[in-house]
Each structure stands twice: as C-alpha cells, then as structure tokens.
Amino acid sequence: MTEISDWRKRIERYRFQGSECVKCGARYYPSRIKCIKCGSEEMRDVELPRRGRVVSYTVIYNPPKKFSKYAPYAVALIELVDGTRVLGQLTDVDFDKIRVGMEVEATFRKLYEYGEDGHIVYGTKFRPVVS
Amino acid sequence: MATPVIVGYGLTKIGEHWRKDLVSLGYDAAREALSKAKNPDIDAIYVGNMLGMALDLQGNLGGYLADELGYRGVPALRIEASGASGAYSIAEAAMAIKSGLYDFVLAGGVEKMSDSLPSEVYYALNFSEDMYIMNSTGLTNAGLNAILMRLYMERYNVAKEKITYLAVQDHENAQYAPHAQFRRPITLELAMSSITLADPINLFDASPIGDGAAFVVMASREKAEDLGLDYVEVSGIGISTNVYSIVERDDPLWFTASNKAFSSALEMAGASKDDVDFLEIHDEYTIMGVLALESLGFSSKGFGAEDVWSRKYSLKGETPINTFGGLKARGNPVGATGAYQVCEAFMQLTGETGENKVENAKIGVVHSMGGVDNTSVVLVLRR
C-alpha cells in the first residue's frame with residue numbers, strides 16, 4: 001500500500017462508507033464495483049449502520065511488520081444491524097471480555113502509521129457498546 | 001484428446017537451505033524429475049511460485065529456470081496462485097498435454113522463504129488475500145483462520161483439541177518421509193501448549209516456513225508408452241475460485257471453490273468420491289484441513305474435526321489423508337506445496353512409500369488452495 005492508495009480509500013474508511021446495490025440492496029464493505037448477489041453494476045455509496053455484533057474474533061500476537069508495535073490487538077468478524085458483515089479491529093476492550101454476540105459500535109481511530117515520515121492512516125474500529 | 005500422465009518426479013527435502021537460492025533449489029528438483037523421466041525433449045516449463053517477487057526480488061522465473069536447466073528456446077512461465085501455484089502449474093501442464101500441443105512438459109513449484117525475516121514472510125503470505133482488508137485491519141492469514149476456527153468451535157460446539165489433532169496426525173505421518181521438514185511425532189499436549197499466533201490458533205495449528213522445490217515431468221500416455229516409461233495418469237482436473245473475502249461468503253465455513261473443483265475433477269475422471277483411496281489436502285492451518293474435508297464431502301458439516309479425532313483419516317483409516325505429513329509436518333513452501341502433494345500421490349500410486357504405504361491405492365486426490373479457498377485446484381491421479 002502506498003500513501004496514494006491510502007488517500008484513494010480515505011472517505012470509505014473515515015465515514016465507514018460502503019456500497020449498496022441499487023437493484024437488490026446488498027451492501028459491501030469495502031465497497032464493490034459490481035453486486036455479487038445479483039450481478040448489477042448499479043451501485044451507490046452508503047454509510048453503514050454503526051452498530052453490530054461480534055460473530056467471531058481473534059487476538060493477533062504475531063503481526064505483520066507494519067503492525068508490530070500495536071500487537072497484541074483484536075480483530076473481529078462483525079455483523080452489522082442491517083446484516084452486512086465486515087472485518088475490523090476491536091478497541092477499548094479487555095481481550096478476556098470479548099464474547100461472540102457482544103454488541104459493538106464503529107468508532108473513528110488511527111489504524112496505523114508507517115514510513116520514514118510517519119504517515120498516519122485513520123479509519124474505523126469497533127468498541128463495545130456501553131449500556 | 002491426449003491423456004496426460006506423470007512420468008517422473010523430483011523433490012528436495014523441505015527446510016532451511018542456506019546454500020541454495022530460488023533457482024538452484026528449483027534446478028535440483030527439476031533435474032531429478034527429468035532424469036527419472038529419462039531426459040525427454042521438453043516442450044514447455046511451468047514454474048509455480050508465490051513469493052519470488054516479494055522475498056527474493058526475482059521475477060520471470062520461467063525463463064530463468066529454463067536457461068539454467070539448459071532448455072534455451074523452450075517456452076517457460078511462472079504461475080502464481082498463492083498456495084495453489086504448484087498444483088496450478090501441474091494442472092496447466094496437464095491441459096497443455098491434453099490439448100495435443102505439447103508431448104512433454106516440466107511443471108512444479110519452488111519457494112525460498114528462509115532467507116527473509118519471519119515478519120517479512122508473514123506479511124508477504126498475506127498477499128493471497130485482499131490486501132486492502134488485511135492492511136486496514138492488521139489481519140494475518142493465521143488471524144483469518146483463527147476467526148474461522150472460533151466460528152467453527154462455537155457453531156458446532158467442538159473442542160479445539162479435536163481440530164489441532166490433525167497436526168499430531170501430520171507429524172505422525174511425516175516421521176518416515178525423508179523429504180519432510182519435521183520428522184518427529186508430537187503429543188497433543190505439546191501441540192495445544194505452543195505459543196499463540198492468533199488466538200485460538202497456535203504454532204502447531206500452522207504450517208511452517210521452509211524452502212523447497214518439487215517438479216514432475218508430464219507426457220501424453222502415448223509418448224510415455226512409446227518410450228517405455230512407467231506412469232500415473234492425471235485423469236481429473238478441477239480449478240475454481242470463490243468470493244474473495246470470507247465475510248461476503250454465504251457461509252465462511254464452506255469452501256465452495258474446493259467443492260466445485262473436486263466435483264469437476266471427479267467428473268472428468270469418471271470417478272466418484274467413494275473411489276478415492278487417499279487424499280492430499282491443503283491444511284495450511286489445522287482448521288483449513290478440517291473445513292476442506294467437509295467441503296470435499298468426506299465429512300459431514302461440523303463433523304470434520306470429530307472424524308480426524310476418531311482417526312478416520314489416519315494412514316490405516318477409512319480414507320488416509322496427508323500420507324507424508326501434509327502442510328503441517330511435511331512442510332509448506334507455498335508455491336511448491338501443491339507440486340509436493342502431486343509427487344506424494346505419485347509415490348503412493350507407484351508404491352515408492354516405505355512405511356507410509358496406503359494399501360492397494362489406485363486413485364489419489366490432490367487438493368490445493370490459494371488463500372482461504374480463494375483459488376482451489378483439485379487433481380485426480382490414477383494408476
């Protein structure tokens with residue numbers, strides 16, 4: 001990934017924006033060019049619902065180089081309230097408190113920084129919903 | 001149409017080959033395969049390789065290896081489909097023979113991983129998945145498989161021991177395989193207590209980093225018979241792709257590409273699942289092996305781990321799998337792995353097995369995946 005590809009996807013990451021098929025309503029994050037459910041190419045940007053539940057998760061102890069200073073960190077498969085499934089890091093949570101079925105919400109965070117100039121990439125992570 | 005057959009194979013021991021580079025490793029395995037096939041005039045060369053451009057900073061491997069081998073002028077190509085590269089290059093060779101265009105093709109794979117730092121290797125292995133997702137989440141292949149493993153354990157209420165047991169069986173089978181990376185048995189206690197890579201996946205659920213190369217010489221059956229070469233038929237070829245990201249699949253625990261590739265390969269071979277005497281499956285992670293057994297239809301959904309645990313797939317079991325240790329213990333030099341599987345199936349079918357023999361084996365199946373079922377290749381080999 002280069003700074004330019006980070007820039008290209010910035011709006012999607014900052015706003016938690018995916019794509020929605022105009023014909024069948026299927027939603028994707030990251031966004032897709034063509035709907036894989038119905039084959040339509042008529043897609044529009046959509047801001048995804050910010051709440052969902054953890055379907056499964058892991059805690060990464062053996063990260064790729066770019067993420068080594070952040071390890072360990074948790075990554076979850078999350079089903080949003082509209083049924084869209086996404087992958088994202090969990091934040092503000094004790095690892096031993098993470099449960100399948102736990103309610104989480106999207107939150108704007110720093111994802112990582114890299115390179116000699118400390119280029120920072122921001123985006124969406126998920127934190128437990130405090131009731 | 002010509003019938004593609006394998007007339008020779010060559011492989012290196014998998015491990016840390018400090019004195020060998022990418023091309024010299026490939027040379028050793030290819031040379032051995034060519035000698036066993038009595039050095040025929042090769043019409044084309046296919047080299048499976050995933051990480052050459054990322055770790056060794058070497059591209060255009062086809063031409064490079066062809067020149068080293070002394071086959072100047074012969075068409076040669078590097079084939080990349082992540083972990084399925086080796087099997088894919090052999091599938092392409094089989095199709096080229098079938099088409100009638102070529103009589104003899106050298107195909108296989110090579111990978112050199114140990115020159116690079118493990119963190120660099122793990123990063124490069126991510127390339128088999130959507131790198132935008134991997135980069136924006138910090139996921140690794142182990143992490144992706146860990147998410148699948150937890151989903152499996154939760155959905156089917158399966159204890160992790162029963163999944164990890166596949167690693168124990170792999171090590172058991174590898175102890176008599178001279179080419180295997182790890183030739184020592186392990187206990188379940190050791191496998192369960194090793195360091196965590198991505199919870200719940202630990203070191204022994206994961207295939208290791210290693211260097212290796214494996215090649216076969218393929219020919220048309222007619223040419224093989226003319227020259228009096230012993231052969232094994234590649235009677236079925238199936239290749240399929242899946243929705244790239246696991247989150248967009250209807251069921252992340254079902255490998256549709258593997259399932260489809262297997263059905264197509266069986267259909268081409270005119271065989272059924274019950275005819276299969278043994279399987280070489282892609283267990284890059286223990287959970288991947290379990291899900292492959294279910295997706296190929298050998299275990300019912302949710303029972304793959306249970307069947308592994310009850311030794312249905314051991315060397316003496318109903319359908320032996322990974323008869324030389326699989327990806328976990330034989331090793332997983334990614335771009336070469338599928339080619340190792342094909343060589344091992346050839347060894348089973350011709351009886352060059354020693355202690356690892358599957359009795360009366362007539363049909364063997366090789367299952368190889370690039371990423372988590374992103375690209376799957378299945379070959380049916382028949383004696």
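Convention: sequence-line order gives letters A, B, ...; per-chain numbering from 1. Atoms considered below: every heavy atom in the structure, side chains included; atoms not considered: hydrogens, waters and symmetry mates. Keep in mind that what you see is a predicted model, and the values were worked out from it rather than measured.
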Contacting moiety of A:K125, where chain B heavy atoms sit under 4.5 Å
neither
Would you call B:K112 and B:D211 a salt bridge, using N to O less than 4.0 angstrom?
yes
Taking the six-membered ring for Trp, is the centroid-to-centroid distance between A:F126 and A:F16 below 6.0 Å?
yes
Looking at A:Y112 versus A:Y70, is the centre-to-centre ring distance below 6.0 Å?
no
Pairing of A:R27 and A:D82 as salt bridge, 4.0 angstrom limit:
yes
Among A:K37, A:K9, A:Q89, which residue has the highest count of heavy-atom pairs closer than 4.5 Å to chain B?
A:K9
Please classify the contact between B:N145 and chain A as side chain, backbone, both or neither, with a heavy-atom cut-off of under 4.5 Å.
neither
Which of the residues B:N126, B:V121, B:T196 is involved in the greatest number of heavy-atom pairs with chain A at under 4.5 angstrom?
B:T196
Structural part of B:I133 lying under 4.5 Å from a heavy atom of chain A:
side chain
Below 4.5 Å, heavy-atom pairs only: which of A:P30, A:P63, A:S68 has the largest tally toward chain B?
A:P30
Heavy-atom contact with chain B under 4.5 Å, split by part of A:L87
both
Looking only at heavy atoms, what is the nearest atom pair of A:S19 and A:M43, with distance?
OG-CE, 3.6 Å
Side chain, backbone, both or neither: which part of A:V75 has a heavy atom under 4.5 Å from chain B?
both
Against chain B, label A:Y57 side chain, backbone, both or neither, depending on which of its atoms sit under 4.5 Å from a heavy atom there.
both
B:P252 versus chain A, heavy atoms under 4.5 Å apart: side chain, backbone, both or neither?
side chain
Can a donor-acceptor pair be found between the side chains of B:Y123 and B:N135 at a distance below 3.5 Å?
yes
Evaluate the ring planes of A:Y14 and A:F108, with Trp represented by its six-membered ring, and classify them as parallel (under 30°), tilted (30 to 60°) or perpendicular (over 60°).
perpendicular
So B:F182 and B:H171, would you call those rings parallel, tilted or perpendicular, with 30° and 60° as cut-offs?
parallel
With only heavy atoms counted, which part of B:I201 is less than 4.5 Å from chain A, the side chain, the backbone, both or neither?
neither
Given the options A:L77, A:I60, A:L111, which has more heavy-atom pairs under 4.5 Å with chain B than any of the others?
A:I60
Go through A:V54 and A:V104 one step at a time and tell me if the side-chain contact (heavy atoms from CB on, under 4.5 Å) criterion holds.
CA-CA 7 Å; A:V54 170; A:V104 293; 3.9 Å; yes
Would you mind checking which part of A:Y61 comes under 4.5 Å of any heavy atom in chain B, side chain (CB onward), backbone (N, CA, C, O), both or neither?
both
Which atoms of B:E154 approach chain A - backbone, side chain, both or neither, heavy atom under 4.5 Å
side chain
